[in-house]
Undergrad: 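Sharing a structure with you now.
Computed from a predicted model, the values in this text were never measured in an experiment. Note on naming: letters A, B, ... go to the chains in the order of the sequence lines (proteins, then strands), and numbering restarts at 1 for each one.
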Amino acid sequence: MSFMKLTASALAVAAVSATGAAAQSRDTVQVAGSSTVLPYASIVAELFGENTDFPTPVVESGGSSTGLARFCEGVGEGTIDVANASRAIRDSEIETCAANGVDEIMQVRIGYDGIVFASQIDGPEFTAFEPADWFKAIAAQVVVDGEVVDNPYTTWNEVNPDLPEAEILTFIPGTRHGTREVFEENVLAAGCEATGAMEAFVEHGMSEDDAEDACMAVRTDGVSVDIDGDYTETLARISSNPNGVGVFGLAFYENNTDTLKVATMGGVAPSTETIASGEYPVSRPLYFYVKKAHIGVIPGVKEYAQFFMADEIAGPGGPLANYGLVPDPELAATQSMIENEETM
Amino acid sequence: MTDATASHTPQPGQGGETAKSSLFTVSPRTRRRNASERRFKAYGVTAILLGLLFLCFLVYSILSKGLPAFTRTVAEVELTLTQAQIDEAESTLLKTGAYRDLMIAELGKVLGDVEPDAIQRIVGNPGAMLRNFYTANPDAIGDTVAFELPTASRVDGYFKGRITREGQANSTFLTPADLDLADRMQEEGIIKREFNWQFLTGAEASDDNPVAAGIGVSVVGSLYMMFVVLALSLPIGVAASIYLEEFAPKNRFTDLIEVNISNLAAVPSIVFGILGLAFFIQFAGLPRSAPLVGGLVLTLMTLPTIIISTRASLRAVPPSIRDAALGVGASKMQSVFHHVLPLALPGILTGTIIGLAQALGETAPLLLIGMVGFVALRYPDTIASGFLDSNSAMPAQIYTWAARADQIFYEKAWGGIIVLLVFLLTMNIIAVILRRRFERRW
């Protein structure tokens, strides 16, 4: 019966290919993590495939926390080799990793990236922000006349008379993005200190830790929107809301200068120069983490890390710098660290 | 029924008025009923018109945004590379960059007094293309070869109208002065537009060389997945439904199975992705990002659809066919395989193709098994290895492109949608033709 034969042979093909898969070892480096690092990692992955004999690594996105969580799932072919992150790994994540047998982790700093505050090019004149403006605009609780109250502000000029009279509407990275942590620390916490809210929180009976948490708590009345997707989602929200202000990576902004205008932060305009010199206040290092146990098991893991951090790639004038990365001045130290496979 | 006869039958208590009613004058009640029918028809027409309007809007926006992806801007450059130059380029770490610099130097000679950086902003990063050519054709070293190199994404956007001169005022990737140079190159015939075959045949590319990105490799990935889905879900689905429909006793247990199959058809597809990650990758040890795993996950998703449509078409075969076969002495199995199944086949195939089309457009489960991201990078080396080599799928590729910073990827995402729709439309047309040609009605 031809139908039965067809069925049997199809099942046989599937079974053979499945067993073949289990026997074959993986030869492609698997990378996952931060969507901020994704463009850099995919540029390197492409060049790595074109310029070496190794297959092009697979780079997945999803956010720093997601990437590190998958990185810490364990050791073996079913787990990823490299995690990209736009923040340093947390102690809790190192513990999770160790509990799952991932105890040797190499931390590689790729370079620096600026976080910029941009709005629609034809929208209100958002040209200069201070961390204090952002804290007062979107913190859950602020200090008004010495009292701690729920955030009452609805327009930017109530926060700071120099800002335009426009409704406050911000699009900030969601909590699974590493960018959020940097935003909280360098903008909200800094603004909290600058406005004296931090002291006021402590005076009103909060402990030091609670006051720090209160500084970084974002209001939940819809004025500030968490974006869990990529920067394109933030861009789409900005395009449909003239009053919206979004948080972007510098490289993403530079790719979209025809639709976005950027604001200064603390009086400094974001650029690779001001970020490299440290003048621009909101920048952060970008990292990737390598599972040392996979070096020598999955072909190309160490070579990928070496290629990534080579002067021609991650150094000044290289393709990553062209795309918007601020090169790390301590590149040589990172290179020797990879060479010697030094773990954290 | 009472409504229909009311105007003709005299009602007690209304004698005087109803006696006057005639077929030639329309009573107010009939008028009301006719009006309500007309209103209902108007609602129907409005609904259809609205649907058509949305369809037109959708088709218009897809075509207007996606069609530019099928053309590209190329710069024609004649290049003569010596063995020494090739050797020098091959000795560097970033070989493709060295090839690009050789090409920029050559173009600089043609254009005269122009900065190399400006040329690079216009031609982008064609190094890999040059290197691949010379690796594949070592005989061409020393000869003059004419290359058609795709220009950088923003130059392409400028000639397509996606990018304006004003918009580039603050850009570091392409300055208004570069646009003057690009205009000059177009006047001199160096830059021209042509059909973009690379979009249909090419592989994924990074933000460093976005113009090279094509959907070809992910089409192959999708085809591999569809092959797995077809090879597994058709036999399993048909066998399951024949057993349930023709052989299984009708009891509580089979009822339970039936209810669960219907439930399974309504399960969100992301759930199958989580299942696939946990079972096929973490437990069974199959590789991530492999079309085989994608196919297995989509098989789980497609099975209920196929089982439901197969059972429906088996049920549509009249019992007289079975009775006649059994009556002339055929066994139960003979009656099913010789008579019922061939008659149900058009319906089964239609259901299968629709199930496949649904699976073809699915992204969510692929997100979890590593097929979404920077994945579809090369064609499989052999036909068999295609099941296990890392690959993406068409909808996943579109999703990835839509999230990229460079606007050319947005255009490519819409172009990818057109390609995907062409596939879906073809499959649906095949399903319709099969149904029209082979379906029998009783």
Side-chain angles (χ1 to χ4, degrees), chain A residues 1 3-4 6-8 10-11 13-14 17-18 20-22 24 26 28 30-32 35 38-39 41-47 49-51 55-62 73 77-78 80 229-233 251-252 254-259 261 307 310-313 318-319 322-324, chain B residues 92-97 125 127-128 131-132 163-164 166-173 205-209 228 230-232 234-236 238-239 281-282 284-290 292-293 296 337 341 367 370 372-375 377-378 384 387-390 400 402-407 410:
Chain A
M1 208 168 293
F3 178 71
M4 293 299 276
L6 191 74
T7 311
L11 286 172
V13 165
S17 52
Q24 191 196 31
R26 174 155 69 84
T28 314
Q30 294 265 4
V31 185
S35 48
L38 176 74
S42 51
I43 288 172
V44 175
E46 184 178 59
L47 292 172
E50 284 168 1
N51 288 291
T56 312
V58 170
V59 189
E60 291 172 60
S61 181
E73 273 170 3
E77 282 180 17
I80 59 171
D230 295 306
Y231 290 133
T232 35
E233 193 186 335
F252 189 91
E254 289 194 334
N255 266 284
N256 288 282
T257 47
D258 49 347
T259 48
K261 69 169 182 295
F307 187 84
D311 288 333
E312 292 90 333
I313 310 290
N322 278 347
Y323 187 72
Chain B
T92 57
L93 177 78
L94 195 56
K95 303 175 181 75
T96 50
N125 287 309
R131 179 162 187 256
N132 290 343
I163 278 168
T164 60
E166 296 75 44
Q168 292 310 110
N170 299 320
S171 175
T172 52
F173 292 95
S206 76
D207 295 82
D208 200 30
N209 190 19
V228 174
L230 189 68
L232 290 177
L234 184 63
I236 297 176
V238 171
I281 294 176
Q282 284 166 355
L286 295 178
R288 285 185 69 82
S289 316
L292 176 69
V293 180
L296 289 170
F337 281 93
L341 195 61
L367 205 63
V372 180
F374 186 68
V375 189
L377 309 149
R378 55 171 181 166
F387 288 103
L388 296 170
D389 282 357
S390 302
T400 314
R404 294 270 178 85
D406 195 322
Q407 288 299 307
Y410 194 64

Undergrad: Given a strict heavy-atom distance threshold of 4.5 Å, which part of A:Thr28 is in contact with chain B: side chain, backbone, both, or neither?
TA: side chain
Undergrad: Closest heavy-atom contact between B:Gln407 and A:Asn256?
TA: NE2-OD1, 3.0 Å
Undergrad: For A:Asp230 and B:Ala403, which heavy atoms make the closest approach, and how far apart are they?
TA: OD2-CB, 3.2 Å
Undergrad: What is the minimum heavy-atom distance between B:Phe173 and A:Tyr323, and which atoms define it?
TA: CZ-O, 3.9 Å
Undergrad: Looking at B:Ser206 and A:Ser42, what are the two nearest heavy atoms and their distance?
TA: CB-O, 3.4 Å
Undergrad: Go through B:Leu230, B:Asp208, B:Val228 and name the one with the most non-hydrogen pairs under 4.5 angstrom from chain A.
TA: B:Asp208
Undergrad: Chain B heavy atoms under 4.5 Å from A:Ile43: which part of the residue, side chain, backbone, both or neither?
TA: both
Undergrad: Do A:Pro39 and B:Arg404 have side chains that approach each other closer than 4.5 Å (heavy atoms only, starting at C-beta)?
TA: no
Undergrad: What is the distance from atom CG of A:Leu47 to atom CG of B:Asn125, rounded to the nearest 0.5 Å?
TA: 8.0 Å
Undergrad: Determine the option with the most heavy-atom pairs under 4.5 angstrom with chain B, choosing from A:Thr259, A:Ile313, A:Asp258, A:Thr232.
TA: A:Thr232
Undergrad: Can you check whether B:Gln282 reaches A:Glu73 side chain to side chain, under 4.5 Å on heavy atoms?
TA: yes
Undergrad: Of the non-hydrogen atoms in A:Glu312 and B:Leu94, which two are nearest, and what is the gap between them?
TA: O-CD2, 3.9 Å
Undergrad: Could you have a look at B:Ala384, B:Ala290, B:Gly97, B:Ala128 and say which one has the most heavy-atom pairs with chain A under 4.5 angstrom?
TA: B:Ala128
Undergrad: Looking only at side chains, do A:Glu46 and B:Asn209 share a donor and an acceptor under 3.5 Å apart?
TA: no
Undergrad: Using a cut-off of under 4.5 Å for heavy-atom pairs, which of B:Leu93, B:Ile281, B:Asn132, B:Val375 has the most such pairs with chain A?
TA: B:Leu93
Undergrad: Hey, could you give me the CG/CG distance between A:Asn255 and B:Asp406, rounded to the nearest 0.5 Å?
TA: 5.5 Å
Undergrad: With a 4.0 Å cut-off on N to O distance, would you call A:Glu77 and B:Arg288 a salt bridge?
TA: no
